[in-house]
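See below for the structure under consideration.
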Amino acid sequence: QVQLVESGGGSVQAGESLRLSCVGSGYRYRRKCMGWFRQVPGKEREGVATIDSDGRTSYADSVKGRFTISQDNAKSSLYLQMNSLKPEDTAMYYCALVMVMSWVRGCRDDAEWYKDWGQGTQVTVSS
């Protein structure tokens, strides 16, 4: 059974930084896509950043240049470095995983494509 556990959220001032971590277990390493998503009450979950097994990354326009997604396969870990945080970044942040076929390159930012999810970690940015 796949488990994803996020950590690193918190309350910060605008302009500050946070680093989110997600540790996975219960899956064997194969080609996969992992992503960070965020959600605020009353809105749909939106993709923030994704990364595939080769390290190809993609970002939402709203976070490009400020957020960096990375992974450490040896530690089954996913990270999101968030710099220059803005109040509009306030949300619950979720780590997500989907195993993909060997020919897949790049990841989708569609939440429905991902099969396994963490419980979320809250990020609050005040102005």
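Count residues from 1 along the sequence. Below, each value reflects all heavy atoms present in this structure, side chains not excepted, and no hydrogens, waters or symmetry copies.
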Go through Ile51 and Arg56 one step at a time and tell me if the side chain to side chain contact (heavy atoms under 4.5 Å, CB included) criterion holds. CA-CA 5 Å; Ile51 188 167; Arg56 290 182 181 83; over 6 Å; no
Could you tell me whether Arg105 and Asp54 have a side-chain N and a carboxylate O separated by less than 4.0 Å? yes
With the side chain counted from C-beta on, respond yes when Met34 and Lys32 share a heavy-atom pair under 4.5 Å apart, and no when they do not. yes
In the structure I gave you, are the side-chain heavy atoms of Leu4 and Val23 within less than 4.5 Å of one another anywhere? no
Classify the side-chain pair Ser21/Ser7 by whether it contains a donor and acceptor separated by less than 3.5 Å. no
Output for pair (Thr57 OG1, Lys64 NZ), nearest 0.5 Å, gives 9.5 Å
Summary of disulfide bond (SG atoms under 2.5 Å apart) pairs that have at least one residue in residues 84-127, sequence neighbours excluded: Cys22-Cys95, Cys33-Cys107
Quick check: does any side chain N or O of Arg45 sit under 3.5 Å from a backbone N or O of Gln39, one acting as donor and the other as acceptor? no
Please find the pair of heavy atoms, one from Gln71 and one from Asp52, that lie closest to each other, and give the distance. NE2-O, 2.8 Å
Name of the residue among Glu88, Glu46, Glu44 meeting salt bridge (charged side-chain N to carboxylate O under 4.0 Å, His left out) with Arg38: Glu46
Nearest 0.5 Å, what's the CZ-CD distance between Phe67 and Gln81? 9.5 Å
Give me the atom names and distance for the closest heavy-atom approach of Pro87 to Ser127. CG-CB, 3.9 Å
If you draw a 6.0 Å radius around CD in Gln3, do more than 12 non-hydrogen atoms from other residues or ligands fall strictly inside? no
What's in the same ILVMFWY side-chain cluster as Phe37, cut-off under 4.5 Å, chained through other members? Met92, Tyr94, Val98, Val100, Met101, Trp103, Val104, Trp113, Tyr114, Trp117
Closest approach of Val63 and Val48, non-hydrogen atoms and distance? CG2-O, 3.6 Å
Donor-acceptor pair, side chain of Glu6 and main chain of Gln119, under 3.5 angstrom: yes
Going only through I, L, V, M, F, W and Y residues with side-chain contacts under 4.5 Å, is there a path from Tyr79 to Tyr93? no
Check the pair Asp72 / Ser77 against side-chain hydrogen bond (donor to acceptor under 3.5 Å, both in side chains), numbers first and verdict last. CA-CA 5 Å; Asp72 184 336; Ser77 294; over 6 Å; no
Minimal non-hydrogen separation, Gly9 against Val123, with atom names: CA-CG2, 4.2 Å
Would you say the side chain of Thr50 lies within less than 4.5 Å of the side chain of Arg108, judging by non-hydrogen atoms? no
Validation row: Val2, Lys115 side chains within 4.5 angstrom (heavy atoms): no
Distance, nearest 0.5 Å, that separates CD of Gln13 from OG of Ser126: 3.5 Å
Student check: side-chain heavy atoms of Thr90 and Val40 closer than 4.5 Å: no
Quick one, Thr121 and Leu20 - any side-chain contact, counting heavy atoms below 4.5 Å? yes
Between Asp89 and Lys86, does any side-chain N to carboxylate O distance fall below 4.0 Å? no
Is any side-chain heavy atom of Leu80 closer than 4.5 Å to a side-chain heavy atom of Arg19? no
Count I, L, V, M, F, W, Y as connected when their side-chain heavy atoms are under 4.5 Å apart, and connections chain through other members. Are Leu78 and Tyr27 then in the same cluster? yes
